[in-house]
Amino acid sequence: MNAPNPEIGANIRAAGLATNYHDLGSGRPVLLIHGSGPGVSAWANWRLVMPELAKSCRVIAPDMAGFGYSERPADAQYSMDRWVEQAVGLLDALGIEQTDLVGNSFGGALALALAIRHPKRVRRLVLMGAVGVNFTLTPGLDAAWGYTPSLDNMRALLDLFAYSRELVTDELAKLRFEASIRPGFQESFAAMFPAPRQRWVDAMTSKEADIKELPHESLIIHGREDQIIPVSNSFKLHELIQRSQLHVFGQCGHWTQIEHASRFAQLVGNFLTEPDRK
């Protein structure tokens with residue numbers, strides 16, 4: 001008998017889309033939004049930190065449309081508008097009026113867009129290795145979005161994502177490769193970010209004037225050696241968001257929540273549970 005797939009949680013309709021999500025812990029809600037690497041899912045992205053954050057918060061981690069085990073729209077049209085609608089639809093479906101929001105990479109751009117468009121739905125904001133401001137497409141991001149399935153390609157890609165070779169094991173590469181070739185995964189992934197890819201970076205960018213107006217307490221996190229999203233993005237966000245703090249991890253690539261999982265969970269947990277400032 002096969003063990004249950006830990007990537008599959010509960011299922012609910014959010015803005016009309018069947019959405020796979022994980023829901024654990026109790027207390028103030030925090031919505032975790034994953035990145036956009038090949039074969040990604042909410043569980044793959046957040047599996048190490050969800051149990052820790054769930055000790056003090058209600059953790060909700062969905063697969064966004066086209067990723068993981070959520071519905072892939074029949075029209076194969078993906079956009080920030082659609083992803084924001086799905087995220088807000090999930091909050092509505094779960095009866096959550098306001099949430100803390102953690103966004104990783106692509107999820108950081110989505111978190112920014114959601115906070116700008118629906119500021120009252122967000123209490124505090126955490127942006128990790130975030131897209132969402134103007135930058136020139138990096139070779140690393142181009143390689144990630146241009147991934148074609150093979151074990152060698154996945155192994156090379158993981159070399160770009162992580163600072164430490166200790167994390168880039170053959171076992172991890174095999175798991176992520178197998179995830180990327182599950183039915184529907186590569187088809188939707190390839191439809192999202194076809195070349196030329198600078199246009200998708202630009203499409204995820206929020207206006208600087210809107211970012212400056214964000215009233216939320218914000219924690220910005222980045223790996224100093226990130227080859228996928230430049231650390232300058234987070235310095236820019238810290239400059240723009242008035243009520244922000246910035247934490248840069250040394251000897252860390254794009255996977256802060258994996259490479260420094262314990263520190264990341266403690267940092268985010270402390271930020272989300274500290275008393276509100278007047």
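The model shown is predicted, which means the values in this text are computed figures rather than measured ones.
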Discussion item. Checking Asn11 against Asn20: is there a side-chain donor and acceptor pair closer than 3.5 Å?
Written reply: no
Worksheet item: Within the distance-only criterion (no hydrogens, no angle test), does the side chain of Thr205 pair as donor or acceptor with the backbone N or O of Ala203 below 3.5 angstrom?
Response: no
Fill in: Test item: side-chain donor near acceptor, Asn5 and Tyr69, under 3.5 Å
yes
Discussion item. With no hydrogens and no angle check, just 3.5 Å: does a side-chain donor-acceptor pair link Ser105 and His254?
Written reply: yes
Worksheet item: When you check the side-chain N and O atoms of Asn104 and Asn45, is any donor under 3.5 Å from an acceptor?
Response: yes
Worksheet item: Should Leu32 and Leu53 be marked as a side chain to side chain contact (heavy atoms under 4.5 Å, CB included) after you check the CA-CA gap, both sets of side-chain angles, and the distance that decides it?
Response: CA-CA 10 Å; Leu32 309 182; Leu53 293 179; 4.2 Å; yes
Worksheet item: Can we say Glu71 and Arg13 salt-bridge, meaning some charged N sits less than 4.0 Å from an Asp/Glu carboxylate O?
Response: yes
Worksheet entry | Distance-minimising heavy-atom pair for Ile258 and Arg47 | CD1-NH1, 4.3 Å
Worksheet item: Within a strict 4.5 Å, meaning less than it, do heavy atoms of the Trp255 and Met128 side chains meet?
Response: no
Discussion item. Just to verify, what does Asp23 make a side chain to side chain donor-acceptor pair (under 3.5 Å) with, not counting sequence neighbours?
Written reply: Arg58
Worksheet, complete the sentence: Correct closest heavy-atom pair for Ala42 and Ala61 would be CB-O, 3.4 Å
Worksheet item: Under a 4.0 Å N-O cut-off, is there an ion pair linking Arg117 with Asp210?
Response: no
Worksheet item: Hey, is the main chain of Val131 close enough, under 3.5 Å, to the side chain of Asn233 for a donor-acceptor pair?
Response: no
Discussion item. Using the side-chain contact (heavy atoms from CB on, under 4.5 Å) criterion, which residues pair with Pro194? Sequence neighbours excluded.
Written reply: Arg199, Trp200
Worksheet item: Less than 4.5 Å apart, any side-chain heavy atom of Leu157 and any of Asn153?
Response: no
Worksheet item: Quick one: does Val126's side chain get under 4.5 Å of Leu267's, heavy atoms only?
Response: no
Worksheet entry | Where Cys57 and Val30 come nearest, the two heavy atoms and their spacing | CB-CG1, 3.8 Å
Worksheet entry | Residue pair Glu274 / Asn270, side-chain donor-acceptor N/O under 3.5 Å | no
Worksheet item: Between Arg182 and Glu7, is there a salt bridge with N-O shorter than 4.0 Å?
Response: yes
Worksheet item: Does the distance from a Lys or Arg side-chain N to an Asp or Glu carboxylate O, for Lys212 and Glu239, drop under 4.0 Å?
Response: no
Worksheet item: So do the side chains of Pro149 and Phe185 get within less than 4.5 Å of each other, counting heavy atoms only?
Response: no
Worksheet item: Is the closest basic N to carboxylate O distance between Arg124 and Asp100 below 4.0 Å?
Response: no
Worksheet, complete the sentence: Sequence neighbours excluded, the answer for side chain to side chain donor-acceptor pair (under 3.5 Å) partners of Ser244 is His238
Discussion item. Considering only residues two or more places apart or on different chains, which pairs with a residue in residues 82-92 satisfy side chain to side chain donor-acceptor pair (under 3.5 Å)?
Written reply: Thr19-Gln86, Asp75-Arg82, Asp92-Arg121
Item to complete: Assess Arg176 against Tyr147: is NZ or CZ under 6.0 Å from the centre of the six-membered ring, and within 45 degrees of the ring's axis?
Response: no
Worksheet item: Looking at residues at least two apart in the chain, or sitting in another chain, which of them share a side chain to side chain donor-acceptor pair (under 3.5 Å) with Thr99?
Response: none
Fill in: All pairs passing salt bridge (charged side-chain N to carboxylate O under 4.0 Å, His left out) where residues 135-161 contributes a residue, at least two apart
Asp142-Arg197, Asp152-Arg155, Arg155-Asp170, Asp159-Arg165
Worksheet item: Just by distance, do the side chain of Ser70 and the backbone of Phe67 share a donor-acceptor pair under 3.5 Å?
Response: no
Worksheet item: Do the rings of Phe189 and Phe193 sit parallel, tilted or perpendicular, given the 30° and 60° boundaries?
Response: perpendicular
Discussion item. Can a donor-acceptor pair be found, under 3.5 Å and without considering hydrogens, that links the side chain of Gln266 to the backbone of Ser262?
Written reply: no
Discussion item. Less than 4.5 Å apart, side chain to side chain, heavy atoms only: is that true for Leu272 and Arg28?
Written reply: no
Practice prompt. Determine whether more than 12 heavy atoms belonging to other residues, nucleotides or ligands lie under 6.0 Å from atom CD of Glu178.
Written response: yes
Discussion item. Tell me whether Gln98 at atom CD has more than 12 heavy atoms from other residues, nucleotides or ligands lying less than 6.0 Å away.
Written reply: yes
